[in-house]
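For reference, the structure discussed in these notes is given below.
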Amino acid sequence: MATTRFAPSPTGYLHIGGLRTALYSWLWARKTKGAFKLRIEDTDLARNSAEATKKIVEAFEWVGLDYDGEVVYQSDRFDLYKGYIQQLLDEGKAYYCYMTKEELDRLREEQMARKERPRYDGRYRDFTGTPPSGVDPVVRIKAPLEGKIVFDDGIKGTITIDASEVDDFIIARSDGTPTYNFVVAIDDALMGMTDVIRGDDHLYNTPKQIIVYEALGFKLPRFYHVPMILGPDGKKLSKRHGATDVMEYKAQGYLPEALLNFLVRLGWSHGDQEIFSVDEMLEYFDPADINSSASQYNPDKLLWLNAHYIKNTPNDKLAKLLEEFGLYLLSHDKREILLDIFKERCKTLKEMAEQIKEVLETPESYDEKALKKAFKGEAAENLKAFAQALEEADNLHLPSDYHTLLERFVQEREIGFGKIGMPLRVALIGRLGGPDLSDVMSIIGRDESIARIEKLLKSLEG
RNA sequence: GGCCCCUUCAUCUAGCGGUCCAGGAUGCAAGGUUUUCAUCCUUGUCACAGGGGUUCGAGUCCCCUAGGGGUCACCA
């Protein structure tokens with residue numbers, strides 16, 4: 001039974017890096033029949049926004065990650081933290097520091113000038129004199145002066161950090177509000193975390209948090225630091241490369257199961273398996289199997305997975321999803337054939353909606369290149385004749401009826417298929433490419449087919 | 001720069017000392033299917049960062065070098 005959490009700071013939207021660590025945490029909690037909690041790290045009152053929290057919850061809902069209990073806001077727990085600060089102060093494990101921000105900056109600059117590591121010098125650690133007046137002190141915790149801080153990371157193995165790397169960091173700002181590393185340790189302990197799965201970028205916070213755990217006598221959880229997701233260029237994931245809002249993937253026509261499948265495989269695998277349903281993830285996932293190296297974001301593979309999941313989504317569900325993209329097929333009489341055709345050819349819902357509209361709606365304009373390529377020689381005459389053939393034919397219903405008609409037409413005129421296929425394609429959907437012509441005509445019907453041909457012929461004359 | 005972490009095809013990865021002249025997937029290329037495009041199928045392309053050890057034997061263990069990433073706040 002693992003208790004895990006996702007603990008974002010509400011400074012922006014949820015991006016795929018965050019979603020992946022959330023997924024890993026969620027999988028581990030659900031797999032072990034434990035609990036998964038959502039906690040908002042909003043101790044810096046100046047920075048957080050309620051809007052950001054809403055967006056994160058919304059993204060969770062979209063991908064189907066559920067959390068146990070209410071969302072925990074650290075801003076609601078300041079009294080609790082203050083109690084612990086006082087406790088450490090009373091026990092002599094923390095102390096007031098009267099250095100101002102300016103003094104601190106100056107110290108840092110001097111240290112850097114001497115090519116030293118910037119670091120608090122501990123000048124108030126054992127201070128017993130009269131404190132300077134007019135300074136609101138911060139509270140610093142006493143970090144060990146020597147030795148090593150060692151912990152066992154579930155992904156990276158034993159991590160050893162020298163005590164000299166960690167200074168007496170601030171646990172309460174001069175305005176009395178507690179800081180991140182302090183409250184995270186308290187909340188993780190109080191909320192009963194057994195496994196803390198978080199981004200690599202928190203690796204250096206862990207020794208600090210361990211100091212808090214030890215000062216307060218809390219039991220340590222197991223830590224897992226998952227490597228970052230890099231951009232396709234191997235650099236830090238940037239906005240233009242995928243560090244966008246998870247909800248943007250929804251807007252672009254991605255299915256949540258595709259996104260989750262993509263993310264779970266980024267840094268984790270189970271043999272040669274590529275396709276994982278959530279149930280399969282739950283069956284096989286173990287955070288101990290997460291890779292220790294960073295991985296690059298690969299949009300092509302996400303697209304491939306999305307195409308796969310679209311193909312395997314039932315039509316009624318697709319029809320519902322497509323409504324987000326302005327396509328309303330739920331009560332359309334050609335719904336099944338349309339979806340059957342297009343779910344095989346599209347990589348995103350957005351693309352699918354666009355292509356289906358292309359069939360359903362009379363083209364407003366025609367692709368310049370297609371026009372040039374299709375209308376050489378007798379093309380216009382052929383097209384006119386084909387409209388005539390459509391007019392005269394009986395029993396045009398199924399795609400096969402149109403197919404037979406086309407075949408006979410080509411035979412009788414002794415022309416290659418392209419001579420009628422290309423112009424007809426432009427007339428029907430405005431461009432080359434696209435689905436089978438017999439299918440298209442069967443879907444839109446004889447009259448609309450003829451109307452589209454006439455529209456194109458007319459525009460050629462003008 | 002100090003410290004920490006990482007390093008198998010272009011990319012995601014399999015591999016946990018011999019079964020690897022390194023497997024799967026994406027991408028790319030070619031061919032097939034398709035009246036077009038896409039899908040689909042087949043085939044191909046492409047890697048153990050470099051150098052030292054340890055060992056009968058190393059992609060797998062150790063060390064060094066190089067490269068990459070992270071981190072050094074009264075942000076989280």
Side-chain angles (χ1 to χ4, degrees), chain A residues 7-11 41-44 46-48 74 97 99-101 104-105 108 112 115-120 136-140 153 155-157 159-162 164-167 169-181 183-184 199-207 225 227-228 230 232 234-236 262 265-275 291-305 307 311 341-347 351 355 370 373-374 403 406-407 410 416-422 424-426 429 431-438:
Chain A
S9 62
T11 48
E41 316 256 290
D42 55 353
T43 52
D44 189 353
R47 289 199 183 200
N48 59 65
Q74 292 185 322
C97 169
M99 255 180 117
T100 62
K101 205 164 181 339
L104 213 45
D105 287 343
R108 246 193 294 275
M112 303 241 278
K115 300 230 189 252
E116 285 172 19
R117 207 170 58 79
R119 177 179 207 289
Y120 175 64
D136 290 328
V138 300
V139 179
R140 289 182 181 270
D153 186 276
I155 295 171
K156 298 184 188 273
I159 307 285
T160 307
I161 286 162
D162 201 274
S164 66
E165 291 296 316
V166 184
D167 61 9
F169 59 94
I170 292 170
I171 58 174
R173 302 184 181 90
S174 45
D175 65 2
T177 58
T179 59
Y180 172 77
N181 283 118
V183 299
V184 166
D200 219 348
D201 48 339
H202 286 287
L203 194 66
Y204 249 110
N205 290 322
T206 306
H225 289 96
M228 313 254 80
L230 272 24
K235 302 277 182 229
K236 196 172 173 175
F262 172 70
R265 277 288 285 103
L266 212 57
W268 175 84
S269 62
H270 181 255
D272 286 338
Q273 189 169 343
E274 294 290 345
I275 306 294
N291 281 167
S292 49
S293 57
S295 38
Q296 288 182 216
Y297 173 73
N298 177 191
D300 282 328
K301 194 150 185 178
L302 174 57
L303 225 34
W304 172 74
L305 278 165
K311 283 184 189 67
I341 290 169
F342 285 94
K343 72 201 285 189
E344 294 293 330
R345 352 180 10 105
C346 298
K347 293 192 167 177
E351 187 190 341
Q355 290 195 21
K373 196 168 174 201
H403 186 75
L406 268 169
E407 265 187 340
V410 170
F417 193 91
K419 296 266 191 265
I420 181 63
M422 283 201 288
L424 183 56
R425 204 166 272 292
V426 179
I429 65 168
R431 63 174 176 94
L432 298 175
D436 188 279
L437 290 171
S438 307

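Per chain, numbering begins at 1; letters A, B, ... match sequence-line order. Only a predicted model underlies this, so the values are computations on that prediction, with no experimental measurement involved. Side chains included, hydrogens not; waters and symmetry mates left out as well; all remaining heavy atoms used.
Ranking B:A76, B:C74, B:C12 by closeness to the A:Lys301 side chain, first place goes to B:C12. When each of B:C12, B:G27, B:A14 is scored by its nearest atom to the side-chain atoms of A:Asn291, the top-ranked nucleotide is B:A14. Closest contact between the side chain of A:Leu203 and the listed nucleotides B:C5, B:A25, B:U71 involves B:C5. Side-chain proximity of A:Ser293 to B:U7, B:A76, B:A25: nearest is B:U7. The side chain of A:Asn205 lies closest to B:A76, out of B:G69, B:C74, B:A76. In this structure, the nucleotide among B:U26, B:C74, B:U39 sitting nearest to the side chain of A:Trp304 is B:U26.
Here B:U7 presents its P atom at 13 Å from CD1 of A:Ile155, a figure rounded to the nearest Å. Distance A:Asp175 CG to B:C74 C1': 8 Å, rounded to the nearest Å. Put simply, NZ on A:Lys101 is 6 Å from P on B:C74, counting in whole angstrom units. Between A:Ile161 atom CD1 and B:C3 atom P the separation is 12 Å, expressed in whole Å. Distance, A:Glu165 CD to B:A73 P: 12 Å, rounded to whole Å. Rounding to whole angstrom units, CZ of residue A:Arg117 and P of B:C4 are separated by 11 Å. Regarding A:Tyr204, its OH atom lies at a distance of 12 Å from the P atom of B:A73, rounded to whole Å. B:G69 atom C1' lies 15 Å from atom NE2 of A:His225, rounded to whole Å.
A donor-acceptor contact under 3.5 angstrom links the side-chain atoms of A:Ser174 to the base of B:C74. Contact annotation: side chain of A:Asp42 to base of B:A76, donor-acceptor pair absent below 3.5 Å. A donor-acceptor contact under 3.5 Å is formed by the side chain of A:Asp272 with the base of B:G23.
Summarising the base pairing, B:A10 is matched to B:U26 through a Watson-Crick or G-U wobble pair whose two defining distances lie under 3.5 Å. Within the shown strands, B:U71 is the pairing partner of B:G2 under the Watson-Crick or G-U definition, both distances less than 3.5 Å. Across all strands shown, B:U34 forms no Watson-Crick or G-U wobble pair with both distances under 3.5 Å.
Nucleotides B:C9 and B:G59 place their C1' atoms 13 Å apart, quoted to the nearest Å. When the P atom is compared between B:C62 and B:C5, the two are found 13 Å apart, to the nearest whole Å. Remark: the separation of the P atoms in B:A22 and B:G32 is 29 Å, to the nearest Å. Across the C1' atoms, B:C48 and B:U60 are found 10 Å apart, a figure rounded to whole Å. For the P atom pair drawn from B:G27 and B:A38, the interatomic distance equals 13 Å after rounding to whole Å. With P as the reference atom, B:G53 and B:C46 are 31 Å apart, rounded to whole Å. To the nearest whole angstrom, the two C1' atoms, one in B:C63 and one in B:C28, are 39 Å apart. Spacing between B:A73 and B:U54 at atom C1', rounded to whole Å, works out to 46 Å.
A cation-pi contact, defined as under 6.0 Å to the ring centre and within 45° of the axis, is absent between A:Arg140 and A:Phe169.
The 5' end of RNA chain B is approached more closely, in terms of each residue's nearest nucleotide, by A:Pro118 than by the other of A:Tyr180 and A:Pro118. If you find the closest nucleotide of RNA chain B to A:Lys115 and to A:Thr160, the one lying nearer the 5' end belongs to A:Lys115.
Residue contacts for A:Glu274: at a heavy-atom cut-off of 4.0 Å it reaches a base atom on one of the strands shown. Residue A:Gly434 is classed as a base contact, given a heavy-atom separation below 4.0 Å to a base. Here A:Pro435 lies in heavy-atom contact (under 4.0 Å) with a base. Counting any heavy atom pair closer than 4.0 Å across all strands shown, A:Gly416 reaches no nucleic acid atom. Across all strands shown, A:Thr206 has no heavy atoms under 4.0 Å from either base or sugar-phosphate atoms. Residue contacts for A:Leu437: at a heavy-atom cut-off of 4.0 Å it reaches a base atom on one of the strands shown. Note on A:Asp167: nothing from the nucleic acid sits closer than 4.0 angstrom, heavy atoms only.
Remark: A:Ser269 is not in phosphate contact with B:G24, judged by side-chain N or O atoms under 4.0 Å from OP1 or OP2. For A:Ser9, no side-chain nitrogen or oxygen approaches OP1 or OP2 of B:C75 to under 4.0 Å. Of the side-chain N and O atoms in A:Arg108, one or more sit less than 4.0 angstrom from OP1 or OP2 of B:C74. Look at A:Asn181 and you won't find any side-chain N or O under 4.0 angstrom from OP1 or OP2 of B:A73. At B:G27, none of the side-chain N or O atoms of A:Asn298 fall inside 4.0 Å of OP1 or OP2 (strictly under the cut-off). Close to B:C6, at under 4.0 Å from its OP1 or OP2, lies no side-chain N or O of A:Lys156. At B:C37, none of the side-chain N or O atoms of A:Arg345 fall inside 4.0 Å of OP1 or OP2 (strictly under the cut-off).
Proximity of a side-chain donor or acceptor of A:Arg265 to a complementary backbone N or O of A:Ile275 within less than 3.5 Å is not detected. For A:Thr179 (side chain) and A:Ile170 (main-chain N/O), a donor-acceptor pair under 3.5 Å exists by modelled atom type.
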### Task
Could you walk me through whether A:Tyr297 and A:Phe262 pass the side chain to side chain contact (heavy atoms under 4.5 Å, CB included) test, one step at a time?
CA-CA 10 Å; A:Tyr297 173 73; A:Phe262 172 70; 3.7 Å; yes
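Salt bridge A:Glu165/A:Arg117: present, at least one basic N to carboxylate O contact under 4.0 Å.
The aromatic ring centres of A:Tyr204 and A:His225 sit 6.0 Å or more apart.
Nearest approach of A:Pro299 to A:Pro232, heavy atoms of both residues: CD-CG, 4.2 Å.
In this structure the side chain of A:Ile159 never reaches within 4.5 angstrom of the side chain of A:Thr206, judged on heavy atoms.
With a 6.0 Å radius and a threshold of 12 heavy atoms from other residues, nucleotides or ligands, A:Lys419 has its NZ atom at or below the threshold.
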